[in-house]
Amino acid sequence: MSIKSEKQFEVIIEKLDQLLEENKQLKTLIAQKDDELSLQKEQIDFLTQKLYGPKKETLKNNPNQGNLFNDRLFNEPEQTGDQSDEDEIIVTKVVRRKKRKGLKDQQLAYLPTVDHIHELESCTCPTCKEAMKEVSTQLIRQEVKFIPAKLENHRHFQKTYGCANCEKSGTRTPFAKSEIPRLPLNNTAASASLIAETMYQKFEQKVPAYRQESYWNLLGYPLPRHTITNWHIKTSQYYFEELVAEMRQELLNQKVLHADETTFKVLNDKDRQKSYMWLFSTGKYSERAIHIFKLGPSRSGSVPRDFLEHYTGYLHSDGFSGYNHLPGVTMIACLAHIRRKFYDARPKNYSNKSVAHKGVTLCNALFALDKSLKDLSVNERYDYRLALVKPKLEEFFDWCESLTAHGKLGTAINYALNQKERMMNVLEDGRLVLSNNLAERGIKSLVMGRKNWLFSKSFEGAHAVTTILSLIETAKSNGLHPRKYLAYLLTNLPNRQNTPLEAYLPWDPKVQMECR
């Protein structure tokens with residue numbers, strides 16, 4: 001072979017190597033694009049399901065729904081394509097629910113009763129024309145009558161008394177005046193019941209002040225929106241904030257707490273787009289049921305650190321990093337959030353053999369197992385959890401460690417493993433629970449109201465929201481009617497003299513008797 005031919009051959013080899021390298025790079029690029037396309041398709045399916053799919057995290061045709069304590073849920077081997085499916089016959093037994101007897105009487109038992117006796121105007125015998133006597137009175141039906149609300153102008157007159165004998169003798173005549181209870185606010189005709197009703201409508205019924213205007217106008221008392229909000233701000237500052245501070249001290253004395261946070265817009269806050277509302281609640285098995293909302297300037301960990309200053313105990317939360325590094329606090333993870341990650345990772349047309357579906361099923365089994373222990377004492381629950389729940393939790397996390405995946409499934413696995421240490425802390429005390437649902441449900445009261453209020457105009461208004469919501473949610477958790485409790489506070493706190501604030505907390509026996 002000539003020198004020229006050898007050079008041509010080397011050039012061809014070099015170009016071939018370049019083409020092979022470019023082909024390899026293109027295949028790598030195509031694989032990356034395929035992965036990106038797969039992740040984007042997964043995200044589109046996820047968002048479509050969130051927008052149009054069911055909101056509840058339920059499983060359809062779950063064959064394990066009948067027995068969630070079966071070890072097969074944790075120990076079944078991975079299914080492969082070589083294994084054949086066994087035909088399964090499901091027999092459904094239809095049970096007709098029995099009609100509850102006495103339900104109507106039970107519903108009417110607590111309503112005031114007005115009896116209507118229907119009599120004949122002429123009660124003479126058609127045969128002998130003699131007067132007929134009453135034989136019996138029979139209850140034919142009961143009906144619930146709605147009486148629309150009304151407003152009344154209650155005028156208070158004060159009498160003054162003087163000594164006639166001193167007046168005759170020419171000495172200085174003493175005078176005495178009758179006592180008149182103070183109103184919550186000066187220079188206004190608003191009674192405790194009226195202010196309490198505006199609070200109840202806004203914070204419990206989620207009716208904002210601008211929509212209350214027409215309601216009060218129909219009742220014959222024009223009430224502008226700015227007047228309503230001003231009432232809420234002033235009464236919170238004068239009476240409620242001090243009471244909520246007492247509730248906070250009681251909350252910090254509890255061993256188990258829950259926490260969650262959500263966004264909240266303050267219109268006059270020009271420094272930031274949004275603030276945050278934080279909720280701190282006592283645990284399911286705590287001595288006191290307390291819920292306290294707090295307005296925070298951001299979502300940083302400084303807010304829970306300041307609120308939980310000197311607190312030593314357990315705190316349930318989600319995986320948000322703002323709860324990290326709380327001194328003296330033992331963090332407890334939320335299995336419901338771990339479950340949700342696996343639920344969101346299920347393919348669009350998932351099967352019961354998918355890895356994500358199995359993760360949801362394993363979490364369901366843990367919830368069902370722990371639910372069977374809810375009626376036990378704290379010490380018994382602690383012992384049974386070590387014997388029953390601990391092995392299942394360990395097997396669940398061992399199963400997660402054995403998996404490798406990307407996309408949403410990989411995110412779910414990594415999230416679960418990152419929460420492993422906090423999740424295992426639930427075994428340290430029988431008063432702890434597997435999820436943070438207590439705070440998640442509690443903060444929804446604010447979220448539902450926020451959809452109607454949209455924002456608070458000022459920080460004073462936002463602080464009033466946190467204060468009044470804290471009282472309402474705590475009152476409800478202690479079995480009180482929130483309107484009655486607010487009216488009770490607004491009636492008694494302005495006239496309080498030496499009575500300690502503890503006497504007005506929701507669990508006080510007198511408050512329980514007056515406000516249920």
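Because the structure is predicted, anything quoted here is derived from the model rather than measured.
A side-chain donor-acceptor contact under 3.5 Å links His232 and Thr198.
Residues meeting the side chain to side chain donor-acceptor pair (under 3.5 Å) test with Asp318, sequence neighbours left out: none. Judged as a side-chain contact (heavy atoms from CB on, under 4.5 Å), and not counting sequence neighbours, the contacts of Ser456 are Phe264, Ala462, Val465. Every side chain to side chain donor-acceptor pair (under 3.5 Å) that Asn324 has, sequence neighbours left out, goes to Arg422. In this structure Ser445 satisfies the side chain to side chain donor-acceptor pair (under 3.5 Å) test together with Lys206, Glu473, sequence neighbours excluded.
The ring-ring contact (aromatic ring centres under 6.0 Å, His included) analysis of residues 424-458, with sequence neighbours excluded, yields the pairs Phe203-Trp453.
Judged by a 6.0 Å distance limit and a 45° cone about the ring axis, Arg381 is positioned over the six-membered ring of Tyr285. Under the 6.0 Å distance and 45° angle rule, Arg299 counts as a cation-pi partner of Phe320. No cation-pi contact links Lys294 to Phe307, judged by a cut-off of 6.0 Å to the six-membered ring centre and 45° from its axis. Cation-pi geometry between Arg346 and Tyr343 is met: under 6.0 angstrom from the ring centre, within 45 degrees of the axis. Seen from the ring of Tyr504, Arg496 does not count as a face-on cation partner, given the 6.0 Å and 45° thresholds.
Applying the side-chain hydrogen bond (donor to acceptor under 3.5 Å, both in side chains) test between Glu261 and each of Tyr276, Trp278, Tyr323 identifies Tyr323 as the sole match.
For the pair Arg483 and Glu197, the salt-bridge criterion is met [side-chain N within less than 4.0 Å of a carboxylate O]. Using a cutoff of 4.0 Å between basic side-chain nitrogens and carboxylate oxygens, Lys476 and Glu204 are scored as salt-bridged.
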Intermediate values then yes/no, side-chain contact (heavy atoms from CB on, under 4.5 Å), Cys400 and Phe342: CA-CA 11 Å; Cys400 290; Phe342 282 102; 4.0 Å; yes
Which donor-acceptor pairs under 3.5 Å do the side chains of residues 423-431 make with protein atoms, sequence neighbours left out?
from, atom 1, to, atom 2, distance (Å)
Asn425, ND2, Met331, O, 3.0
Glu428, OE1, Tyr314, OH, 3.3
Asp429, OD1, Arg431, N, 2.8
Asp429, OD1, Arg431, NE, 3.0
Asp429, OD2, Arg431, NH2, 2.9

